[in-house]
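Below is one structure, written out as structure tokens; the observations come after it.
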Amino acid sequence: MKLQSGPGDLFDLAGETGLSPELLRLWQVHAGFPAAEHTEHGRMFYPEWQVRRLKLIRRLIALGEPPSRLYELEEEELAVLLDYRTRIHEQPPAGLPTTRIEDYIRMLSLNAFADAESAMQSHVIEQGLEDFVLSIAAPLCSAVGIAWEKGTISIAQEHIFSDMMVRTLRACSSTLFQPQGHVNTARPLVLLGTPPGEVHVLGLAMVETLLLLQDCRPLHIGCGLPEMEIVRIASEVGADIVAMSFSAAHHPMRTVDVLEQIDRHLPPQIHIWAGGANSGLYQSLPARVRVFRSLGSVASAVDGWRRSVEGLARSH
């Protein structure tokens, strides 16, 4: 007699494992995994051994492992790979040759937008989403800005690139991941926004992706919000962290004023993160403002937040 002992359908399986229904369905069609079983009464369910494998796969994707062939590995092989990826996770990703970035700039200048977007998606599939953000998206955003200043690409091409990058990041994130209902680690709620006059959101889109990879709950509240509105929303939704982005175009002293205002009015338990190319971030800032010099620091910052939460829990 076969008893049901796992999720009853693909959406339950997605909620249990953290992988999106779209990705699970794609693997079902092309590889026959995951494969549902049935009780003697005809009720469909996914057995626990498949759930375990998919949870390992989800953790590997979060560590930057390309998802394309992971479904072929057995549970023991996945566990070995996870141990390896965990040990090397703190090492910075290998740099990509400059010519690759130049290729993207060339495609943009020739209006070959479909080719550029296809190349982005291929990199995610082959190298993983984290590697794409750190070794392609971040340096490419800087390179596009420089190319516009030199006249290599137009303002319209820069805007199309920005929209393409945000669309690619969010599409890849939503395809790979499903919000989990059952987790063993704290999942900080991170409010993402920019102050009045700051309309650049690419940096926040990349941070949002990296936060998802670290099993956080990013909440994008848009750009150009007044300081007190940010404080109000953060308090109402119970945010753990407020993350702000300041581009080089934002006035440096205004950047300092914004962070001081938020620090003055935000509840003391909420952390403040700030990043971007703004020179104001190198000025004297409130003690609880954590400044990010690179996107590669996001993972360690999340780990630090989790350790602080665990320390507070033990002390109580």
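Both backbone and side-chain heavy atoms feed into the values below; hydrogens, waters and symmetry mates do not. For clarity, every value in this text was computed on a predicted model and none was experimentally measured.
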dist Leu204:CG -> Glu198:CD (nearest 0.5 Å) comes out at 8.5 Å
* Assign the ring pair His271 / Trp305 to parallel, tilted or perpendicular, where the plane angle (0 to 90°) is split at 30° and 60°. => perpendicular
With Val242 as partner, the option from Val231, Ile233, Ile270, Val289 fulfilling side chain to side chain contact (heavy atoms under 4.5 Å, CB included) is Ile270
Here the gap from Arg264 atom CZ to Asp257 atom CG, rounded to the nearest 0.5 Å, amounts to 9.0 Å
Between the CD1 atom in Ile153 and the CE atom in Met107, the distance rounded to the nearest 0.5 Å is 12.5 Å
Verdict with supporting geometry, Arg25 and Gln28, side chain to side chain donor-acceptor pair (under 3.5 Å): CA-CA 5 Å; Arg25 189 175 295 110; Gln28 274 188 331; 5.7 Å; no
Looking at Tyr282, is Arg293 sitting on its ring face, NZ or CZ under 6.0 Å from the six-membered ring centre and within 45 degrees of the normal? yes
Q) Distance under 6.0 Å and angle within 45° of the ring axis: does Arg290 meet both against Phe292? A) yes
Rounded to the nearest 0.5 angstrom, the CD-CG distance for Glu75 and Leu82 is 11.5 Å
Report task. State whether a side-chain donor-acceptor pair under 3.5 Å links Gln121 with Thr168. Result -> no
When rounded to the nearest 0.5 Å, the distance separating CG of Leu60 from NZ of Lys55 is 14.5 Å
Between the CZ atom in Arg307 and the OG atom in Ser300, the distance rounded to the nearest 0.5 Å is 8.0 Å
| query | Does Glu158 pair with Lys150 as a salt bridge, N-O distance under 4.0 Å? | reply | no
So, Arg187 side chain and Arg217 main chain: donor-acceptor pair closer than 3.5 Å or not? no
Are Asp215 and Arg58 ion-paired here, with the side-chain N under 4.0 Å from a carboxylate O? yes
Taking Leu73's backbone N and O only, do any of them form a donor-acceptor pair with Arg53's side chain (distance below 3.5 Å, no angle check)?
yes
Does Leu108 offer a backbone N or O that forms a donor-acceptor pair with the side chain of Gln157 under 3.5 Å?
-> yes
field: Ion pair check, Arg232 and Glu229, cut-off under 4.0 Å
entry: yes
Please check: side-chain N/O of Asp263 versus main-chain N/O of Pro286, any donor-acceptor pairing under 3.5 Å? no
